[in-house]
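Here the structure is laid out as C-alpha cells; the discussion comes afterwards.
The residues of the chain are indexed from 1 along the displayed sequence.
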Amino acid sequence: MKKVFLLTLMVVFVLASTSVYAQEKYALGSSNIALKVDYIKFTDDAFADVDLEDGVYVGLEIYHALMPNLYLGLEGGWAGTEGDDDANIGGERVDIETDTTLVPIELNLKFAGEIVPNLVVGVGAGASYSYFEIDADIGDINADEDDWVFGGQVFAEVTYKIGSFFIGIDGKYHFTEDIEIGDGDIETDTNANNWRVGGHVGLMF
C-alpha cells in the first residue's frame, strides 16, 4: 500500500513539475486551448446595404508549440448576423428578414513572447476555408444560397497568464475570395472579408 501511495505521489510530482517547466519554458505552455467571443463586422458594402454587417463570433482554438515562442494551431468558429427591413413590392409593404452564417476553419502560425512576467503578446497569420450562407425570407418566400471560400487572416493578441489559465483580448482581419451562388453558376464581386475583436479565455498544458 505504501509503494502504491509513493508511486502515485511521484507521478503527481513529475506531472506538476512538467507543467511548471512547460509554463516557464514556453510563452503559452507546450500546448493550449482557448474559447473566443468576438464582435464581427463584414467590410463589403453589400452587407451594409442590407444591414447585415454586424454580429457575434464564437470560436475555439488549439495550439501546439513548435518552438518556445512559435505555435501551430487550428481554429474553428461560427459567426452570424441578422437584418430586418421591408420593401414596397407590387404596391404592398413586404417584410424582409435576412441572416448570414460564417463558419471559418483556420490553420495559423503564431509568434508569442512574454514582454513582462505573465503578460504575453502574440501575432500571427494563416490560411482559411470558410462556409458562408445567406438566408432571406421575403414575405412568405424563402431563399438561401451558400458557398465555401478560401481566404487568409492576420491577427494580434494580448494574454495574461494566471497559473495554468489565461485571459486576454484579440483582434483579427479575415479576407476571403469572392462568393459564388447558384451552385457556382453565378460569380459575384462580394466577399466575406471581416474584422473581429473580442476576448478569450484558455488553459495551458
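- The distance between the ring centers of Tyr39 and Trp195 falls below 6.0 angstrom.
- Shown here are the side-chain hydrogen bond (donor to acceptor under 3.5 Å, both in side chains) partners of Thr81, two or more places apart in sequence or in another chain: Thr100.
- The closest donor-acceptor contact from the side chain of Ser30 to the backbone of Phe205 lies under 3.5 Å.
- Following chains of ILVMFWY side-chain contacts shorter than 4.5 Å, one cannot reach Val116 starting from Val123, and the two form parts of different hydrophobic clusters.
- Under the ring-ring contact (aromatic ring centres under 6.0 Å, His included) criterion, Tyr131 pairs with Trp148, not counting sequence neighbours.
- For Ala79 against Ile40, the heavy-atom pair with the smallest separation is CB-CD1, 3.7 Å.
- Across all their heavy atoms, Ala65 and Gly29 have their closest contact at CB-O, 4.2 Å.
- The backbone N or O of Ala27 sits less than 3.5 Å from a side-chain atom of Lys161, completing a donor-acceptor pair.
- Val37 and Ile167 end up in different hydrophobic clusters when Ile, Leu, Val, Met, Phe, Trp and Tyr side chains are linked at under 4.5 Å.
- The shortest heavy-atom contact between Glu177 and Val149 is OE2-CA, 3.4 Å.
- With contacts defined as side-chain heavy-atom distances shorter than 4.5 Å, the pair Leu107/Leu72 qualifies.
- In this view, Phe132 and Phe47 satisfy the ring-ring contact (aromatic ring centres under 6.0 Å, His included) rule, not counting sequence neighbours.
- Applying the ring-ring contact (aromatic ring centres under 6.0 Å, His included) test to every pair with at least one member in residues 58-80, sequence neighbours left out, gives no pairs at all.
- Summarising the geometry of Ala192 relative to Leu102, their closest heavy-atom pair is CB-CD1, 4.5 Å, with the distance given to 0.1 Å.
- Under the 4.5 Å side-chain heavy-atom criterion for grouping Ile, Leu, Val, Met, Phe, Trp and Tyr, Val158 is not connected to Val197 through any hydrophobic cluster.
- By the 4.5 Å heavy-atom criterion applied to side chains, Phe155 and Asn108 are counted as neighbours.
- Counting all heavy atoms, side chain and backbone alike, Asp99 lies closest to Leu52 at CA-CD2, 4.0 Å.
- Qualifying ring-ring contact (aromatic ring centres under 6.0 Å, His included) partners for Phe150, counting only residues two or more places apart in sequence or in other chains: Tyr129.
- A distance-only check finds a donor-acceptor pair linking the side chain of Asp44 to the backbone of Ala46 [under 3.5 Å].
- The pair Lys110-Glu75 does not meet the salt-bridge criterion, since no charged nitrogen lies less than 4.0 angstrom from a carboxylate oxygen.
- With hydrogens and angles disregarded, a donor-acceptor distance shorter than 3.5 Å links the side chain of Asp147 to the backbone of Glu180.
- Under the 3.5 Å distance criterion, the side-chain polar atoms of Glu157 are left unmatched by any main-chain donor or acceptor of Gly171.
- For the pair Ala112 and Leu28, the tightest heavy-atom approach, listed with the atom from each and the gap, is CB-CD1, 4.1 Å.
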(request) Just do the side chain to side chain contact (heavy atoms under 4.5 Å, CB included) check on Asn193 and Tyr173 with the steps written out, would you? (result) CA-CA 8 Å; Asn193 291 3; Tyr173 184 75; 3.5 Å; yes
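- Applying the salt bridge (Lys or Arg N to Asp or Glu O under 4.0 Å) test to residues at least two apart or on different chains, the pairs with a partner in residues 58-69 are Lys36-Glu61.
- Considering only heavy atoms from C-beta on, Asn32 stays 4.5 Å or farther from Tyr26 through its side chain.
- Between Ile62 atom CD1 and Leu203 atom CG the span is 10.0 Å, to the nearest 0.5 Å.
- Under a hydrophobic clustering in which Ile, Leu, Val, Met, Phe, Trp and Tyr are joined whenever their side-chain heavy atoms come within less than 4.5 Å, directly or via other members, Ile115 and Phe111 fall into different clusters.
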(request) Go through Thr43 and Phe175 one step at a time and tell me if the side chain to side chain contact (heavy atoms under 4.5 Å, CB included) criterion holds. (result) CA-CA 9 Å; Thr43 59; Phe175 54 91; over 6 Å; no
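- Looking at heavy atoms from C-beta onward, Thr101 lies out of side-chain contact with Asp146 at the 4.5 angstrom threshold.
- For the pair His174 and Thr176, the minimum side-chain heavy-atom distance is below 4.5 Å.
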